[in-house]
Amino acid sequence: MPPMKSEDTTGPVYWRSLEELQRTPEFREAVKREFPNDAWDQLPPATRRQFLKVMGASLAMAGLTACRWPKEEIVPFAHRPEGRTPGVPERFATSMEMDGVALGMVVTSYDGRPIKAEGNELHPDSLGALSAIAQADVLQLYDPDRSRRLLLREGGQQYVKQWSDFEASAVEDFGGDGTGLAVLTERSSSPTRSLVRDRFLDTYPKASWHEYEPISRDNEREGTRLVFGRPLRVHPKLDAVGVVACFDADPLFDHPSSLRLAREFAGARHPESGAGARLYVAESSFSLTGVRADHRVAIASSRVPVVLARVAHLLVAEHHIELPAAAAGYAGEAGQTLSGEETRFAEHLASDLANFQGGGAILVGHQQQPAVHALAAVLNQVLGSTVEYTADPDPDRPTHLQAINDLVAAMRAGSVQTLLILGGNPVYNAPADLRFGELLGEVPVSIHLSLYDDETSQRCTWHLPRAHGLESWGDGRAWDGTWTTRQPLIAPLYDGRSALEVLALAAGMEHTTGYELVRDNLGGRFRVLDFDTVWRRALHNGVVGGFAWETVSPRLSPGRLAVAVDGLRALLDAAPPTSERLELVLTADSRVWDGRFANNGWLQEVPDALTKVTWDNALLISPGTARDLGIDDGEMVVIEAGEASIEAPAFVLPGQARGSVSLALGYGRTAAGQVGNDVGVNAYTLRTTAAPHVISGAKLRGTGRKYALATTQDHFAIDTLGFEERNLRVGTLVREASLDAYLANPEVFHEHEHHPPLISLWKDQAYEGEQWGMAIDLNTCIGCNACVVACQAENNIPVVGREQVLNQREMQWIRIDRYFKTEPGLRSDEIDDAEVVFQPMTCVQCENAPCEQVCPVAATQHTTDGLNAMVYNRCVGTRYCSNNCPFKVRRFNFFNYHKDLADTTMMQFNPEVTVRARGVMEKCTFCTQRIEAVRIGARNDNRPIADGEIVPACAQTCPTQAITFGNLNDPESKVSKLHEEKRSYATLAELNIRPRTQYLGRLKNRADGGGDVGHGAPHGEADGRGKETA
Amino acid sequence: MSEAAIDSVSYLDNTGDDPAVRARLVVGDNDFHSVTEKVCGIVEQPRPPKMWWVAFAAASSLTLVLFACIGYLVTTGVGVWGLQVPVGWGYAIVNFVFWVGIGHAGTLISAILFLLRQRWRTSINRFAEAMTIFAVVCAGIFPGIHVGRIWFAYWLFPIPNQMSMWPNFRSPLLWDVFAVGTYATVSLLFWYMGMIPDLASIRDRAKTKLRFYIYGVLSLGWRSSNRHWHRFEFAYLLLAALATPLVLSVHSVVSFDFAVSIMPGWHTTIFPPYFVAGAIFSGFAMVVTLIIPTRKYFGLEEIITARHLENMSKIMLATGMMVGLAYSTEFFIAWYSGNTYEAFTFLNRAFGPYAWAYWTMVTCNVLVPQIFWARKLRNNTVVLWVASILINVGMWFERFVIVVSSLSRDYLPTSWGYYRPTAIDVLTFLGSFGLFFTLFLLFVRFLPMIGMAEVKGVMPQAHLDRPGHRGHGDYHGDIAGVEVV
Amino acid sequence: MNEDKSNDIFIFPRWSWVLRPAVAVGALGGALYATIVVTFGFSPRATDVGYAPVQPVPYSHAVHVGQLGMDCRYCHTGVEQTAHALIPPSQTCMNCHKSVRSNSEKLIPVFESYSTGMPVEWIRVHDLPDYVYFNHSAHVRRGVGCVSCHGRIDTMEVVSQQEPLSMGWCLDCHRNPERHLRPVEYVFQLDWVPEEDQLALGARLRETNDINPPQDCNTCHR
Amino acid sequence: MSTDRGHTSGGLYGYLAEFDKVDELLVAATKVRDAGYTRWDAHTPFVIHGLDAAMGVKKTVLPYIVFLVGLTGTAAGILLQWWTNAIDYPFLISGKPLFSLPANIPVAFETTILFAAISALVGMLALNGLPRLSHPLFTNRSFKRATDDRFFISIEASDPLFDANATRELLESVSDQPVEEIEELT
């Protein structure tokens, strides 16, 4: 479906109630349970909230009753809103804001229930894609653990309050000129909010304002300040067909516009169109970017400046690049000895940078010191890189660490009487050495607005329920400044209010509803007669044109550069880490980010891209270091950093830098909710203002206790036999070749296929009409898990929990297979470094599907359009099909996984997909519900289905567009063309199962032309192994 | 007389292989009546001995455990077992194949040995047939309960329905339904039919009205008429002729469940003969395991003689070596085929995570039977009994290795796994033994556990009292000779 | 030995073998009877057809459609575009009933709904399992008349289920739709009868409109 | 003469002679056969080879019945599979044809065996006129040993050659035990 069909998205119409509401007695019960404080019978006439709750949950229940049908009621509108056809999904453009950057999305709403978030093609940071985290935001909306009421905590007592109570008490709390009044808030780019903030600070001139984010790009910002004399926002570009060097940087994951960057990255990697960029990565722990690197060197984070400095040195010394006088200091011999690996990396990179001047870029990770960013900025300047700059939206803002430091100082001084905390969770995520929690207890009046009654709320006097992003009005700015609107898709389920509204209330503004605030603010910018049209268009598109910031071409400011150079020198002198004095790197988690999504089942169960660990964070340690310290995979270890120490399970990860261990933040929550409580360990307890990201001198001690990490793939460490076999198979399953080899011989991906001719016993079936197929480009897949969550959201896939995952019963229909590629001949206990390849694996819809023939009740059959259909309501659950599936992509409902689901959570269900009962097999069917929807529509107006009209959830959300779906019988369709490409191959084709999904081989573009040629050599090995067998 | 010659060897030992004389199949000085006495006596004793009660109490309580587990399973979901992806079949299917295998001895002994004119079968066939039926009952439970939605299991049968749907006859599981169903029915018929004359004996000896009526109805008014015997014999022969291919087909079909799939380690053409051999192997082992204590306890050594045991041990030796051959063939083919997946599967069996199961299997099934080469050992009932139990263990592990180790590591290394049974798995398995023994104990208590009519048929007295004809079975009715007398 | 001193001998009474045919007949008859009961008694045609619940408002299709000749689509607005035919909002009723019968007792629920905004709770008559995805537009646009599934609604005082709506019943029509195809313009004309032979007409329509109803599982199950 | 209770004496059913050796029975049987009796029978606790010949029992038709019913089973099996999977409810599976014999052999085979086996038992009973719980012979006490260790020959009064004295003499001539009269049940 093309995004944003409904032209007539007017303000207050869309969230009105739905057509058919099957209301059952059980459901009334459910409502009472869910919403104790309002009795069904005394419903105020058609209040939106009641209605939404009712219809949403009820529909979901309808989805669940899969047996003989009970007496059902049909409850139509009393007044059906104009332009509204009940039962037909609608799509609305809105946005979500994280760390002060708004990400545009289009949310599908079914009869008033937002059920799925997709990317907004018009938004520069989305381009139609959405990250796993952003998609999972929908589930958070319905989270039954979200706080439902205002709480006042006084003298150990806890009172339930109403907003009116708060408004009343707020009057005195926010009295006078704001002396003793402090505000701590999340970073926000919302123009409306800055307006309201100004109004607030006007009202309370003495009030202090602090913005804190645990994870931010402040270092980069400060780096630019050092180089250019003013903070700038850095806009990397990856679409250049040149060379990109990432130093601890992961632009494909942790950058606010990672989705755009991923799209650019993929664009630069299509050999058929001559695009072949080269990616260098030097990092301490495997990142999504690192996985895709052509040259990767695993070095401790504290070595990054050293290597970068060497690159600078080489550029000047070997390649005669002129540094400006002020930066001359960089040119000097770095005085550090580099390992052979590091040197080779530096040399290759230096010469490539020199060759690709104007077509390259050096990116540095946000956890690196400003001085390192500074050096990168200088080099980018002199090399004329593709990096662009815009002015920082808020140049006077102190860094987040500074901000919270100031606040804590004030709290210590006792000068804070009233502390208003808008969002965030400082008690949990403020640097440990600040002891924020304790100090908070001493503040007379502390108010926390939050989705959950979380760690911070529990230490505040007031807790205010916050409206979810999909429940509230707002706006924000994309990374490039594009004005992004946010509109609610559902009235607040839990009586929450947005930060905007609360702030406006505190500021004593006359208009305090989000709708008015946002509309007025935008209206203020447009001096046009017909603002209404502008407004509608803005809501419809989700973005307002012409508001992106101008790029600036800054000049080096000599004054500060000196500081930068000295800063760098200091870093260079640091001793490299060893197994005894380890370096501990605290990273943002690929799933719960900084911990705010800890209570989100989808994200908790998404396997981490590299470790495949779910429901936990683990201490990543390189095999070498593990051997030095005698630590086993999965052993509980004690990490000592400074005076703090915690216990965490160790995960041995090849490709992790020696002497560097890393641990993800965001776990070990104590007040996250039923899902997120006590999952993993809390790394924030090790985090200090001095060393927020990279802690040196950490010690590691094994405890000998084992801990079972719930991974969806077996660990790297398995028995030798399996290890060797796995190495043999990787090459044939995930085919890879060097770009040079491929260009020289396009057949390289098929060279090693030899199996007897694939003849069928029977006459082949004639497949006429549409024949659906898929192509997945392994060269552009970055393993970001977006498709996994998209599929989960679209297909009502249950979350099963850690215990079940431990027992290999995870339910996601797509899994991203991760293989380590190590030098042949090495034993598993000799490995230290490794390359990683990803392969998204879901049902490939075999034409000769082994699963179909063995089902005794014909519950899985082949449809005339070539799908391997799975009929849930016919399945008796023999599991024979799963046994006989060579890809093991079928999933089984071992229990009734929906039994304990809250009614609100059920509201997320997609009514177009059956909710599977216990004892039933399920799997991917190329989103058959989407196919049917389009097919019926096309047939209704007697037209053929256009290529690209049907888009499965996974393909829709893929940031790199690695997944292509379409009609294989149409030679013009994109998918047919991709299947024609030389890189295209079918996995396990030798079984003559004829998969409908084909993979496009992966390419490596190394400077030395190296990289494996073809897909490794399993046969020679096989024969050798054959002898062994004899 | 040659009879003396035999007896002089020893009173009970009839294992001698003197080609000059046909060894006696009933030893001691038994006449028809004493046989009747011995066999019917067991059924007729007013109350069963203590040991029986003890055994029955144990067995029936295990049966309760079985039903408890099934109840829990049905109400909670198959997740209570250790199953997962990739290993979608675990204990349930292993037990199914195990029990079906055991269920082969009975029909085999009654049918094939009958066709081969192996007269020594007469003392043990009833017993073995009973065992077959009970084993099949146990086997039948597992495919039934292992499905995710038991309440829809009837969809496996071709019943007309409002969905206008039919089961998929291309699925081996459906073949199973028919094969096992047929096998159960035919075994039951065979067993019952053979019992009719003996039930009549009990009827005719009845001391109480109730007993008379019960056995009277069961024996359908059999009046040992020779015109009836004539048809009876024919029917028996026909059933034997039908049951023989059937017994071979059943385990072949069971093996198709695996052979027809594409899983390395399953997709093998030698499975049918391999499975059948294994079935006979395990079946005989189970017969021996049961018969040794029973015959001792009920004093039937004169009817179920040392020779019977010895013959069975020889069959076990033979089939055990067939199974061993199958194991090695699999390995050879895995290498010879050049199919790397196949090759790995077998390496993995022997040296992978499930090596322990594999080597248990090899030890019990291939090495243990080798002791039967030694006459001394195979004629020592204790040794024989222990060996037979080990063989049962080994055969269970064979099925475990085939089902679990093949599934646990198939094509994509990313979906490899390791299957661990849960307590419920184990209890259900033990429970099935409870059910088996409960039925068995009821059988020895209430039904003639030895085919008297057949045993009498092979006793010397059953034939013309004429030198040279002593103990000689076949009479080919040369009535002319009689007329002369 | 069986020489029991009691000179009593057990035998079965003579009539016991007269019983033989009786038992045989009984067994066979019983089996037959059971089959019949299950086949006909449990079929949706017996269990579901004729379901006619009492509605909160005694709305009569007979009056509105039969006598007043209202078109189905006046109320069931979605039927040509979407999966659901749609039950009309109280609003729709009020379009006329503002003036017509504006003080009728029977209409009170509608009036209340209209004023309070709370819905009228109609009771679903044609109810498919939740795992079945039926699409009205797909059928109506191809010339499958309302009457084929719903019967002569225009004659019903109280709507009742006319067809079993079972999978087998659906498949019958999907396999040979000729019996139910009519020119699209007559789809909503419940009393329409073809001048020519229905089968001939159906075959022709099927040809011209190229109608091949899919029989794949995923046509109805997703 | 029978002192049995449980029935009132009706007409004469026939004579019953007892033997305790197989040889005697065989000899007696040949005699009775040669005497030309038709409605008579021998009763033995187990099958005695040669007795059929001695009695001149004709070979039973059972095998033909079983064969025919077996064929019916085969046909039924094939037809069932063909009609259900290829005609009434055809569906596409793993690119295989709707009907191909190899896949249908196992089920057809099983149905064959099933039908045949059932017909074997049922046929045997039917031909033997069983079950028949009550029979005049059961009224005789010593006849009970027919299932234990004694052999009997019974000649029915309904036999055309039956003659109260001649028949009795014939039997007494072959059996050393007293010939007993069996009375018809009423």
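Quick note on labels: first sequence line is chain A, next is B, and so on, each numbered from 1.
Interface check for chain B: of the options C885(A), S882(A), C875(A), A858(A), the most heavy-atom pairs under 4.5 Å are formed by C875(A). In terms of heavy-atom pairs under 4.5 angstrom with chain A, the leader among I150(B), L407(B), N348(B) is L407(B). Your options are V80(B), D176(B), V260(B), D257(B), and the one with the most heavy-atom pairs under 4.5 Å with chain A is D257(B). Interface summary for chain A: among L174(B), V177(B), V85(B), the most heavy-atom pairs under 4.5 angstrom belong to V85(B). Between chain B and the residues M841(A), R874(A), Q853(A), R891(A), the largest count of heavy-atom pairs under 4.5 Å involves R874(A). Considering only heavy-atom pairs separated by less than 4.5 Å from chain B, the leading option among N896(A), T712(A), N873(A) is N873(A). Counting heavy-atom pairs closer than 4.5 Å to chain A, the top residue among F332(B), Y336(B), W151(B) is W151(B). Ranked by non-hydrogen atom pairs under 4.5 Å with chain B, the options N893(A), V920(A), D817(A), N883(A) are led by N883(A).
The side-chain heavy atoms of P86(B) and Q808(A), taken from C-beta on, include a pair separated by under 4.5 Å. Counting heavy atoms from C-beta outward, L991(A) and Y411(B) have side chains that approach closer than 4.5 Å. Inter-residue side-chain proximity for V78(B) and F892(A) is flagged as met; some heavy-atom pair is nearer than 4.5 Å. Side-chain contact check for R726(A) versus F344(B): every heavy-atom pair is 4.5 Å or farther apart. Within the 4.5 Å cutoff, the side chain of P413(B) has heavy atoms near those of the L733(A) side chain. Between N807(A) and Y419(B) the shortest side-chain heavy-atom distance does not fall below 4.5 Å.
Interatomic distance, SG of C851(A) versus CD1 of I262(B), reported as 9.0 Å (0.5 Å rounding). For the atom pair R918(A) CZ and T75(B) OG1, the distance stands at 7.0 Å (nearest 0.5 Å). Here OG of S415(B) is found 5.0 Å from CZ of R815(A). Values are rounded to the nearest 0.5 Å. Distance check, rounded to the nearest 0.5 Å: OG1 of T340(B) to CD of E725(A) gives 6.0 Å. Atoms NZ and CH2, on K888(A) and W416(B) in that order, are 13.0 Å from each other to the nearest 0.5 Å. Between the CZ atom of F887(A) and the CG atom of D410(B) there is a distance of 10.5 Å, given to the nearest 0.5 Å.
A centroid separation of 6.0 Å or more is found between the aromatic rings of F894(A) and W81(B).
For chain B, the nearby part of R890(A) is the backbone; its heavy atoms alone come within less than 4.5 Å. Heavy atoms closer than 4.5 Å to chain A are found in the backbone of Y418(B), but not in its side chain. Residue W175(B) does not touch chain A at all, counting heavy-atom pairs closer than 4.5 Å. Contacts between E852(A) and chain B at a heavy-atom distance below 4.5 Å involve the backbone alone (N, CA, C, O). With a 4.5 Å cut-off on non-hydrogen atoms, F256(B) touches chain A through its backbone but not through its side chain. For F258(B), the part sitting under 4.5 Å from any heavy atom of chain A is the backbone (N, CA, C, O) and nothing else. With a 4.5 angstrom heavy-atom cutoff, P850(A) touches chain B only via side-chain atoms. In this structure, chain A has no heavy atom under 4.5 Å from any part of I93(B).
Minimum interatomic distance between W155(B) and V876(A) (heavy atoms only, all atoms of both residues): CE3-CG1, 3.6 Å.
Between the side chain of D719(A) and the backbone N or O of G352(B) there is no donor-acceptor pair closer than 3.5 Å. With R879(A) contributing its side chain and G88(B) its backbone, the two residues share a donor-acceptor pair below 3.5 Å. A donor-acceptor pair is defined here as one N or O able to donate and one able to accept, closer than 3.5 Å; no such pair exists between the side chain of R149(B) and the backbone of A917(A).
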For this session: Show your working on side-chain contact (heavy atoms from CB on, under 4.5 Å) between L173(B) and T878(A) and close with a plain yes or no.
Result: CA-CA 9 Å; L173(B) 273 191; T878(A) 65; 3.8 Å; yes
